[in-house]
S.K.: 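Mind having a look at this structure? Questions to follow.
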Amino acid sequence: MGFPRQRLRRLRQHHVLRGMVQETSLSPSDFIYPLFVTFGNHRQEPIDSMPGQYRWSVDLLVKEAADAHALGIPAVILFGIPEHKDERGTSAYDKAGVVQEAVRALKAQMPNLLVMTDVCIDEYTSHGHCGIVRDGRIVNDETLDCLRLMARSHAEAGVDLVAPSDMMDGRVGSIRDELDQLGFHDVPIMAYSAKYASSLYAPFRDAALSAPSFGDRRSYQMDPANARESIREVLLDVEEGADIVMVKPASFYLDIIRMLRETVTVPLAAYQVSGEYSMIKAGAQLGWIDEQHVMMESLLAIKRAGADMILTYFAKDAVRVLTQHRLS
Ligand code: PBG
């Protein structure tokens, strides 16, 4: 039975009915807001390639997180920009490091805000790579020791969840062992499992001053051409103890989100990365697209593909749109 009995436009006529047949919806509880934390006091440094995003010193970060939390954002994820970088990224596991201080301050003031941390040494190394460098190569197993120390220092500061983004083999198992040995068996791991060697991270590297000083990240991050390999990554991470797995970037990788959603039963996160954010911002600044509509469409698409939660720099703006709609 087709046309004229079937008319799909019938259900599109009334806005209330359109709402009732909507298959996917966004809610404030879907969002995780990434924040950059740096040293010093009273600092709010704009990031040129990410309009509306800043590097915050701890005191102002607390204010920004409180603002986001008041809007209804349930979680933040922290990235640190330390005062000193070295070959081994030692400030990544400094007890008095920027992230560790930020975790303590946020948890003290907002116990109900879920505080997550990115675990990766690239923002802390002088060469900008996500691992220890020997003879121009990024060495895997030695890097695991740094990641263990880093995750441990975050847990000791009171973090609610750690998220390793380095893409070394075996990092999830190493971190799980370390946390369990210390009694942090209830701190979950969200693994950046299918993390692609994407060109969309450029604005982030600008923000975190972490562009690699030589070479690129293709010896550890995934080839954008590969889909099946993401299943191997995810299955290994789950076996090693990942509680949540992630696809990154999001919009160019909706097929991966869909495929993984159908493959594993653990919750799935997707990261709408800096380049995705900045392209929408730039298009809107030029007057070529409508920022609010494209933002909401991009987030809806990520959810529709199968993501249970979305890391996005648009978190505050998206929540504002969602709450305005509810009131109108
Ligand atoms: C590594 C890390 C990166 C991002 C998140 N964690 C940078 C990279 O892999 O080069 C990128 C996030 C973004 O682009 O928004 N610590």
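Atoms within each ligand, like the ligands themselves, are counted from 1 in listed order. For clarity, every value in this text was computed on a predicted model and none was experimentally measured.
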S.K.: With the threshold set at 4.0 Å, does a side-chain nitrogen-carboxylate oxygen contact exist between R304 and E23?
M.R.: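 No, this pair does not count.
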S.K.: Do K303 and D308 meet the salt-bridge criterion of a basic N to acidic O distance under 4.0 Å?
M.R.: no
S.K.: With heavy-atom distances below 4.0 Å as the criterion, list the atoms of ligand 1 near Y313.
M.R.: 12 (C), 13 (C), 15 (O)
S.K.: Do K195 and Y253 form a cation-pi contact, if we require the NZ or CZ to be under 6.0 Å from the six-membered ring centre and within 45 degrees of the ring's axis?
M.R.: no
S.K.: Distance check, rounded to the nearest 0.5 Å: S126 atom OG versus H84 atom NE2?
M.R.: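 Spacing of OG (S126) from NE2 (H84) equals 13.0 Å.
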S.K.: Distance to 0.1 Å, residue and atom name: give those for the protein heavy atom nearest to atom 14 (O) of ligand 1.
M.R.: S274 OG, 2.7 Å
S.K.: Can you list the ligand 1 atoms lying under 4.0 Å from a non-hydrogen atom of F79?
M.R.: 5 (C), 6 (N)
S.K.: Tell me, please, whether Y201 has K248 positioned over its six-membered ring: NZ or CZ under 6.0 Å from the ring centre and within 45 degrees of its axis?
M.R.: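 Satisfied, under 6.0 Å and within 45°.
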S.K.: Please report whether the ring centroid of F31 lies less than 6.0 Å from that of F314.
M.R.: no
S.K.: If you have a sec, work out which protein heavy atom is nearest atom 12 (C) of ligand 1 and how many Å separate them, to one decimal?
M.R.: F204 CD1, 3.4 Å
S.K.: Heavy-atom pairs closer than 4.0 Å: do any link ligand 1 to the side chain of D122, the backbone, both, or neither?
M.R.: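 Near ligand 1, D122 shows its side chain, while the N, CA, C and O stay back.
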S.K.: Less than 4.0 Å is my threshold; does some heavy atom of Q221 fall inside it relative to ligand 1?
M.R.: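 Q221: in contact with ligand 1 (<4.0 Å).
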S.K.: Tell me the contacting part of Y271 for ligand 1: side chain, backbone, both, or neither, using a 4.0 Å heavy-atom threshold, strictly below.
M.R.: side chain
S.K.: Could you tell me which atoms of ligand 1, counted from 1 in the order shown, lie closer than 4.0 angstrom to a heavy atom of E123?
M.R.: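 With E123 as reference, the close atoms of ligand 1 come out as 16 (N).
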S.K.: How close does the nearest protein non-hydrogen atom get to atom 9 (O) of ligand 1, and which residue and atom is it?
M.R.: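 Checking every protein heavy atom, the shortest distance to atom 9 (O) of ligand 1 gives K195 NZ, 2.7 Å.
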S.K.: When you look for heavy atoms under 4.0 Å from ligand 1, do you find them on the side chain of D118, its backbone, both, or neither?
M.R.: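 Side chain only.
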S.K.: At a 4.0 Å threshold, what atoms of ligand 1 neighbour a non-hydrogen atom of S165?
M.R.: 1 (C), 2 (C), 6 (N), 16 (N)
S.K.: Is K316 paired with D67 through a side-chain N to carboxylate O contact shorter than 4.0 Å?
M.R.: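 So D67 pairs with K316 through a salt bridge.
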S.K.: Check each atom of ligand 1 against the heavy atoms of C120 and keep those under 4.0 Å away; list them by number with element.
M.R.: 1 (C), 16 (N)
S.K.: Is it true that D255 and R258 make a salt bridge, defined as a side-chain N closer than 4.0 Å to a carboxylate O?
M.R.: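 No salt bridge links D255 with R258.
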S.K.: Which protein heavy atom lies closest to atom 11 (C) of ligand 1, and at what distance to 0.1 Å?
M.R.: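 Nearest neighbour among protein heavy atoms for atom 11 (C) of ligand 1, to 0.1 Å: K248 NZ, 3.0 Å.
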S.K.: Do Y124 and Y93 have ring centroids that are under 6.0 Å from one another?
M.R.: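 Aromatic pair excluded; centres sit 6.0 Å or further apart.
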S.K.: Would you say ligand 1 has an N or O under 3.5 Å from any N or O of Y192?
M.R.: no
